[in-house]
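Below is one structure, written out as structure tokens, with a few remarks after it.
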Amino acid sequence: MELKIIKTEKPKQKPSGALGFGKYFTDHMFVMNYDDGKWHDARIQPYAPFTLEPCCSVFHYGQAVFEGTKAYKNKNGEVRLFRPRDNLLRMNESSDRICIPPIDVDFVLDALKKLVALDESWIPTDEGTSLYIRPSVIATENALGVHAAKSYIFFIILSPSGSYYAHGLEPVRLYVEENYVRAAKGGTGHHKVVGNYAASMKAGEKAAQMGYDQVMWLDAKEHKNVEEVGSMNIFFVFDNVVKTPALRGSILPGITRRSVIELLKDEGYKVEECDIAVKDVVEGAKNGKLEEVFGTGTAAVISPVGDFGYRGEDFVVGGGKMGKISRHIYDELTGIQTGRVEDRFGWVTKL
Ligand code: COI
């Protein structure tokens, strides 16, 4: 398929001051359409609204998936994408779960590189900033019957962003939710399906009203084991052993999660993917064996957890400060992403 490039004639004013997360968008976006059984009309075009009819299927049944990946520009002006191919491969897995046709990963990766190159001047370079990349697919058939749509739009937008949490690397506060559930096995929780995020909002609002930053989700069946956090996977350090919930069909297989496991194992840390009972987390916080808790995600990077609330009680972890392993893995990962640390795993795609 040919890729058309239509450049904007009206470049936008770039933001000045704090960027926040996902608030500003660059001059261009990548778009392609799916009709009659094939993707077509691939183009990089000026960032612009879509015109969709009110009967458009995504508005009614939420048949849509998305991804999140990032580009960094370092002090030498080098532009580096972190594992973008893995995100696009995961996107096809998410799409398959809700009957969206797959994309050609190599074609889209090439288009993504061209899009980032075109909007390179938007990539922020301050510590903790990056260009957040949001690929999405939405169903666009104009019909109200419940079935897999016959038309789709795939698009990629770019957002110069700072840290996901307003208070940067300050430890976050989590609320352990026991009533609402995020995902059950056999559902869509281990895919990046948009409905998962809508389903999490009620508990997120409840947690925010109580002063917490995010929800720590438990398994849907017994409400016994920790699964993940609103926008991150979760890691616990007990007695120098790093543990994270095993992927058993309801947890998102995070690319940052996988990178952290690979990095830590490579450095000789003991890392276990296993079931982690919330009662053991509480016990560990009480007796001091729980040394650190941190979340991982593209947007969240490595986010230390300072305390968590469970059944009306708050439990502080690691004195409420970022722990040694969390700090180390943050430095290593962001080092590889920005080029400060050698990319010994071949994770970075340069423009
Ligand atoms: C990401 O980390 O990229 C995510 O997609 C999480 C969130 C912002 C929804």
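When a ligand or atom number is given, it counts from 1 through the structure's own listing order.
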Of all heavy-atom pairs between Phe107 and Glu2, which one has the smallest distance, and what is that distance?
CZ-O, 4.3 Å

Of the listed options Tyr164, Tyr132, Phe21, closest to atom 3 (O) of ligand 1 (non-hydrogen atoms):
Tyr132

Pick, from Ser200, Gly22, Ser231, the option with the minimum heavy-atom distance to atom 6 (C) of ligand 1.
Ser231

Hydrogens and angles aside, do [X] and [Y] bring a side-chain donor and acceptor to less than 3.5 Å of each other?
X	Y	answer
Tyr175	Arg173	no
Arg258	Asn233	no
Asp104	Trp39	no

What atoms of ligand 1 come closer than 4.0 angstrom to any heavy atom of Gly68?
3 (O)

Taking side chain as C-beta onward, heavy atoms only, is Phe235 less than 4.5 Å from Val260?
yes

Residue-ligand contact Met232/ligand 1, heavy atom below 4.0 Å:
no

Below 4.0 Å, non-hydrogen atoms only: which portion of Arg134 touches ligand 1? Side chain, backbone, both or neither.
side chain

Taking Glu67 as the fixed residue, which of Arg90, Lys192, Arg83 is the one that meets the salt bridge (Lys or Arg N to Asp or Glu O under 4.0 Å) rule?
Arg90

Closest non-hydrogen protein atom to [atom], residue and atom name please, with distance?
atom	value
atom 2 (O) of ligand 1	Ala299 N, 2.8 Å
atom 4 (C) of ligand 1	Lys192 NZ, 3.5 Å
atom 9 (C) of ligand 1	Tyr197 CE2, 3.6 Å

Whether Arg257 and Glu273 form a salt bridge (side-chain N of Lys/Arg under 4.0 Å from carboxylate O of Asp/Glu) is what I want to check.
yes

Report yes if some N/O of Phe66 lies less than 3.5 Å from some N/O of ligand 1; otherwise report no.
no

